[in-house]
*Asks:* 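Handing you a structure now.
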Amino acid sequence: MKFSQMKYEHPNIDAVKKQLTDLAERFRRAEDYESARSIFLEREQLEKHIMTLFSLVEIRHAIDTRDKFYEEEMNFWNSVTPELEEYNQEWTKAMLESSYRSDFENEYGTLMFLKAEMEQKTFSPDIIPCLQKENEWKTAYEKLLASAQIPFEGNVYTLSQMSPFKSDPNDDRRLAAWKAEGQWYKEHQEELDELYDQLVHVRDTMGRKLGYDGYTQLGYYRMQRNCYTKEDIEKFRAAVVKYLVPVADSIYREQAKRLGKTYPMSFADNELEFRSGNPRPSGDPDEILSQGKRFYDELSPETSEFFSMMLENELLDVLSTKGKAGGGFCESIPDYEVPFIFANFNGTQHDVEVVTHEAGHAFAAWMNRKRTPLSYLWPGMEACEVHSMSMEFFAWPWAEGFFGEDTRKFYYSHLAGALTFIPYGTMVDHFQHIVYEKPDMTPKERHGVWKELLGVYMPWMKLDGEIPFYSEGEGWQRQHHIYSSPFYYIDYCLAQTVALQFWVKIQKDPADAWKHYMAYTEQGGSRVFTELLEHAGLESPFEEKCLKEVCEAAKQWLSEFDLTGIC
């Protein structure tokens, strides 16, 4: 079914609550496993329907945040979702106490119970008002960014539409674009500071109401960290500083030489990789999607079927338009057993990476669309990002169809970007740990922490005040994950480390690399992250040698890559 034909109806939330209550009570009274299993599957169907309704609202609201109907529906869901959590917790409790638990584990595995135990640690009715406020402020932040109208060169642009100007080869124009964007953030500084301060304090309050020493432990439970700890993340951060920051630093030093700039460079100059311009797609959005279809058609029978289905059913919305929320995401629509890709094409290399990155998520969802329970459709966030970031590298043999004469630029830029991203993403995580350890910091103190961390993780950034907002330690406010999904961002870094393993395998034997990818993807969310890796023959990013080895391989490739004729 086409996305435009998928019907949304405002739910009778009282009826839903009654259904959830009745299911839990019937489950508790079940006289045998078959009866309990039947009720369990009945509840799975209800959960899929509720998730479908929410997904349709979330997607359609993101496509046009000015649409009053879906704005009101989004506000409705922001309010009732925390209320429904109380009923979900009753079901979870019934499952954990069930005398048929061993039967469920034999059929569906133990992970569903591990997830359930963790979910119980994230909620009590006492925090419902806090959850509602959190949703309200997250939506306000996203709407604020979506409302941005930035004057530049006689026209007005959204934040996403400013991106091409921020990497323009002309030094003056590029710097002006960065200043124009930074000025918009500066004009909304007070609102951005206030929204984040409210989010930090309401999360800290939730953590303390649930018996934790602040938000951090609750944040880990909410992110379903079920096979590694805060200490493991700290070790990973140390390995990034030890192995990756020096590699990234060398990449930017070479870049400064190519551009004829003094190292360290400004934010605007670091954005320009080649004096002749960054790699850009050779075609318009339709041509990019057409080349995407060719890529997936030739990659495997499974990916061919998947991408054709996405195009036929209008399951990609990729153009950047006024009123559209920023960023990109993939969402699942369970009743129809399909994913949806939301993005903002802006004429940069990012457009191609949407077709590979977000489609990597979508392909994983498509491959596991019939999984039971629904919680096994997706693995944890870090595991999901492996699907997407690795798919970007599998597209390399088709890069010429996307980039034309900029193909060699793309190869270098893509690998270099994967390496330089990890220090940034790790810094985002480190920043959040400090913030939630000290929730009463002032906005000025938070900006100071970010500026200090820039010196540790991104020493190639010149902090001289040339570009207001960015060089003053405020650039973290453009990273929506910090507002909407605390502690999420390290998942990208862990996944990128695994994706670099796939890149190494692709250089040696693409067919063998794809077998490992399918072995990883076909597991869905049926195992924890480290076990998914083990069953696919991959190393854990928490092993120091993993990051060390991929850094060595990538550094050698970059040093030997022929940039003759490219400046």
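The chain is numbered in sequence order, starting from 1.
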*Asks:* Ring centres under 6.0 Å, that's the criterion: do F104 and Y33 meet it?
*Replies:*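 Centroid separation for F104 and Y33: below 6.0 Å.
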*Asks:* Tell me yes or no: between the side chains of S167 and R280, is some donor less than 3.5 Å from an acceptor?
*Replies:*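 A pair is found: one side chain offers a donor N or O, the other an acceptor, under 3.5 Å apart.
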*Asks:* Distance alone, cut at 3.5 Å: any donor-acceptor contact between the side chains of E385 and Y488?
*Replies:*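 Note: E385 and Y488 side chains meet the donor-acceptor criterion.
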*Asks:* Does one side chain, of T426 or D429, offer a donor that lies under 3.5 Å from an acceptor on the other?
*Replies:*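 Side-chain D/A pair, T426 to D429: absent.
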*Asks:* Do NZ/NE/NH1/NH2 and the carboxylate oxygens of K242 and E544 come within less than 4.0 Å?
*Replies:*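 Yes, K242 and E544 are salt-bridged.
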*Asks:* Are there over 12 heavy-atom neighbours, none belonging to E302, within less than 6.0 Å of that residue's CD?
*Replies:*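 Counting neighbours around CD of E302, more than 12 heavy atoms of other residues, nucleotides or ligands fall under 6.0 Å, so yes.
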*Asks:* To the nearest 0.5 Å, what is the distance between OH (Y436) and CG (L218)?
*Replies:*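 Here the rounded value is 10.0 Å.
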*Asks:* Is there a donor-acceptor pair under 3.5 Å between the side chain of S290 and the backbone N or O of D286?
*Replies:*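 It does not hold such a pair.
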*Asks:* Indicate yes or no for a side-chain donor-acceptor contact from N278 to the backbone of E271 under 3.5 Å, with no hydrogens or angles considered.
*Replies:*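 Flag set: sc N278 to bb E271 pair under 3.5 Å.
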*Asks:* Taking it one step at a time, do R222 and E134 satisfy salt bridge (Lys or Arg N to Asp or Glu O under 4.0 Å)?
*Replies:* CA-CA 14 Å; R222 291 176 88 184; E134 182 188 32; 2.8 Å; yes
*Asks:* Just how far is it from atom OG of S250 to atom NZ of K555, taken to the nearest 0.5 Å?
*Replies:*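 If we round to the nearest 0.5 Å, S250:OG and K555:NZ are 5.5 Å apart.
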*Asks:* Nearest 0.5 Å please: distance from the NE2 atom of H361 over to the SG atom of C384.
*Replies:*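 Reported value, rounded in 0.5 Å steps: 6.5 Å.
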*Asks:* Do the side chain of N368 and the main chain of T521 share a donor and acceptor less than 3.5 angstrom apart?
*Replies:*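 Side chain of N368 to backbone of T521: a pair is present.
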*Asks:* Classify the ring geometry of W91 against F27: parallel below 30°, tilted from 30° to 60°, perpendicular beyond 60°.
*Replies:*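 If you compare the ring of W91 with that of F27, the planes turn out tilted.
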*Asks:* Under the 3.5 angstrom rule, does the side chain of R408 hit a backbone N or O of D562 as a donor-acceptor pair?
*Replies:*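 Looks like yes, one N/O pair under 3.5 Å.
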*Asks:* For S304 and S300, indicate whether the former's side chain and the latter's backbone hold a donor-acceptor pair under 3.5 Å.
*Replies:*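 No, S304 side chain to S300 backbone: no donor-acceptor pair under 3.5 Å.
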*Asks:* How many angstroms lie between atom CG of D351 and atom OG of S320, to the nearest 0.5 angstrom?
*Replies:*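 Rounded to the nearest 0.5 Å, the CG-OG separation comes out at 9.5 Å.
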*Asks:* Quick check: does any side chain N or O of K2 sit under 3.5 Å from a backbone N or O of E312, one acting as donor and the other as acceptor?
*Replies:*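 Between the backbone of E312 and the side chain of K2 there is a qualifying donor-acceptor contact (under 3.5 Å).
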*Asks:* Report yes if the side chains of P285 and L319 come closer than 4.5 Å at any heavy-atom pair, otherwise no.
*Replies:*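 Counting from C-beta outward, P285 and L319 do come under 4.5 Å.
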*Asks:* Distance check, rounded to the nearest 0.5 Å: R371 atom CZ versus E337 atom CD?
*Replies:*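 Those atoms lie 13.5 Å apart.
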*Asks:* Looking just at side-chain N and O atoms, do S413 and Q349 make a donor-acceptor pair shorter than 3.5 Å?
*Replies:*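 Result is yes, a qualifying pair exists.
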*Asks:* Are the side chains of V240 and T497 in contact, using a 4.5 Å heavy-atom criterion?
*Replies:*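 No. Closest side-chain heavy atoms not under 4.5 Å.
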*Asks:* Pairing donors with acceptors under 3.5 angstrom, does anything connect the side chains of E142 and Y483?
*Replies:*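 Judged by distance alone, the side chains do not pair up.
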*Asks:* What do you reckon, are the aromatic ring centroids of Y517 and W514 less than 6.0 Å apart?
*Replies:*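 Yes, they do, as the ring centres are separated by less than 6.0 Å.
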*Asks:* Any Lys/Arg nitrogen of E234 or K230 sitting under 4.0 Å from an Asp/Glu carboxylate oxygen of the other?
*Replies:*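 Yes, this pair counts.
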*Asks:* Going by heavy atoms in the side chains, are Y220 and I233 under 4.5 Å from each other?
*Replies:*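 Heavy-atom side-chain distance check passes, below 4.5 Å.
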*Asks:* Taking atom types as modelled and ignoring hydrogens, do the side chains of R101 and N106 form a donor-acceptor contact shorter than 3.5 angstrom?
*Replies:*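 Result is no, nothing qualifies.
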*Asks:* Using only heavy-atom distances, determine whether the side chains of Y228 and E382 contain a donor-acceptor pair under 3.5 Å.
*Replies:*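 On atom types as modelled, these side chains qualify, holding a pair under 3.5 Å.
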*Asks:* Do the ring centers of H481 and F487 come within less than 6.0 Å of each other?
*Replies:*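 H481 vs F487: aromatic centres not under 6.0 Å.
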*Asks:* Test of understanding: with ring pair (Phe, Tyr, Trp, His ring centres under 6.0 Å), list the residues that count as partners of W378, not counting sequence neighbours.
*Replies:*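 None.
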*Asks:* Answer with yes or no after comparing the ring centroid distance for Y424 and Y457 against a 6.0 Å cut-off, counting only values under it.
*Replies:*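 No, ring centres 6.0 Å or more apart.
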*Asks:* So how far is it from T530 OG1 to E539 CD, rounded to the nearest 0.5 Å?
*Replies:*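 Reported value, rounded in 0.5 Å steps: 13.5 Å.
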*Asks:* Is the shortest side-chain heavy-atom distance between F274 and L563 below 4.5 Å?
*Replies:*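 Result yes, sub-4.5 Å side-chain heavy-atom pair found.
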*Asks:* Provide the closest heavy-atom pair for A248 versus W460 in the form atom of the first, atom of the second, distance.
*Replies:*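 Between these two residues, the closest heavy atoms are CB-CH2, 3.5 Å.
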*Asks:* Check whether any side-chain heavy atom of V528 lies under 4.5 Å from a side-chain heavy atom of L111, and answer yes or no.
*Replies:*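 In short, these two side chains touch, coming nearer than 4.5 Å.
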*Asks:* Salt-bridged, K409 to E273, with N to O below 4.0 Å?
*Replies:*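 No, this pair does not count.
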*Asks:* What pair of heavy atoms forms the shortest contact from G347 to P281, and how long is it?
*Replies:*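 G347 and P281 have their closest heavy atoms at O-CD, 3.7 Å.
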*Asks:* So, W398 versus Q291: side-chain donor-acceptor pair below 3.5 Å or not?
*Replies:*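 Short answer, no.
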*Asks:* Check side chain to side chain contact (heavy atoms under 4.5 Å, CB included) between M112 and all other residues, then give those that pass, not counting sequence neighbours.
*Replies:*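 Only F40, M95, Y108, P373, Y376 meet the side chain to side chain contact (heavy atoms under 4.5 Å, CB included) criterion with M112.
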*Asks:* Is there a donor-acceptor contact under 3.5 Å from the side chain of D512 to the main chain of D509?
*Replies:*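 No; zero donor-acceptor contacts below 3.5 Å.
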*Asks:* Using modelled atom types and a 3.5 Å cut-off, is there a donor and acceptor pairing between side-chain atoms of K324 and backbone atoms of A343?
*Replies:*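 Yes; judged by distance alone, with no hydrogens or angles, the pair exists.
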*Asks:* Report yes if the side chains of C493 and Q496 come closer than 4.5 Å at any heavy-atom pair, otherwise no.
*Replies:*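 Not in contact.
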*Asks:* Verify side-chain contact (heavy atoms from CB on, under 4.5 Å) between R43 and L20, making sure each step is shown before the conclusion.
*Replies:* CA-CA 8 Å; R43 191 185 184 284; L20 292 169; 3.8 Å; yes
*Asks:* For a quick test of reading the model, state the closest non-hydrogen atom pair linking M1 to M6 and the distance between them.
*Replies:*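 Heavy-atom minimum between the residues: O-CE, 3.5 Å.
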*Asks:* Measure from the ring center of F393 to the ring center of F502 and say whether it is less than 6.0 Å.
*Replies:*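 No, too far apart.
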*Asks:* Flag the pair V435 / I482 as yes when at least one side-chain heavy-atom distance between them is below 4.5 Å, and no otherwise.
*Replies:*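 The answer is no; the side chains never approach within 4.5 Å.
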*Asks:* Test F329 against I59 for side-chain contact (heavy atoms from CB on, under 4.5 Å), laying out the working first.
*Replies:* CA-CA 9 Å; F329 61 81; I59 294 165; 4.1 Å; yes
*Asks:* Tell me whether the centres of the aromatic rings in F561 and W557 are closer together than 6.0 Å.
*Replies:*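 Centroid separation for F561 and W557: below 6.0 Å.
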*Asks:* Could you tell me if K48 sits above the aromatic ring of Y336, with its cationic atom closer than 6.0 Å to the ring centre and no more than 45 degrees from the axis?
*Replies:*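 The answer is no; the distance or angle limit is not met.
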*Asks:* Tell me whether the rings of Y296 and F306 are parallel (<30°), tilted (30 to 60°) or perpendicular (>60°).
*Replies:*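 Perpendicular: the ring planes of Y296 and F306 meet at over 60°.
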*Asks:* Sub-3.5 Å donor-acceptor pair from the side chain of Q523 to the main-chain atoms of A519, do we have one?
*Replies:*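 It does hold such a pair.
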*Asks:* For this output row, return yes or no: ring centroids of Y489 and F421 closer than 6.0 angstrom.
*Replies:*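 Yes, the ring centres sit under 6.0 Å apart.
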*Asks:* Establish, yes or no, whether a centroid distance under 6.0 Å links the rings of H535 and Y520.
*Replies:*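 That pair fails the under 6.0 Å test.
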*Asks:* Walk me through whether N88 and F123 qualify under side-chain contact (heavy atoms from CB on, under 4.5 Å).
*Replies:* CA-CA 10 Å; N88 292 334; F123 179 81; over 6 Å; no
*Asks:* What residue among D491, N226, V386 forms side-chain contact (heavy atoms from CB on, under 4.5 Å) with F529?
*Replies:*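 Exactly one candidate clears the test, V386.
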*Asks:* Do F307 and F363 make the cut of ring centroids closer than 6.0 angstrom?
*Replies:*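 Centroid separation for F307 and F363: 6.0 Å or greater.
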*Asks:* Has the side chain of N313 got a donor or acceptor atom that lies under 3.5 Å from a matching backbone atom of L315?
*Replies:*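 It does not hold such a pair.
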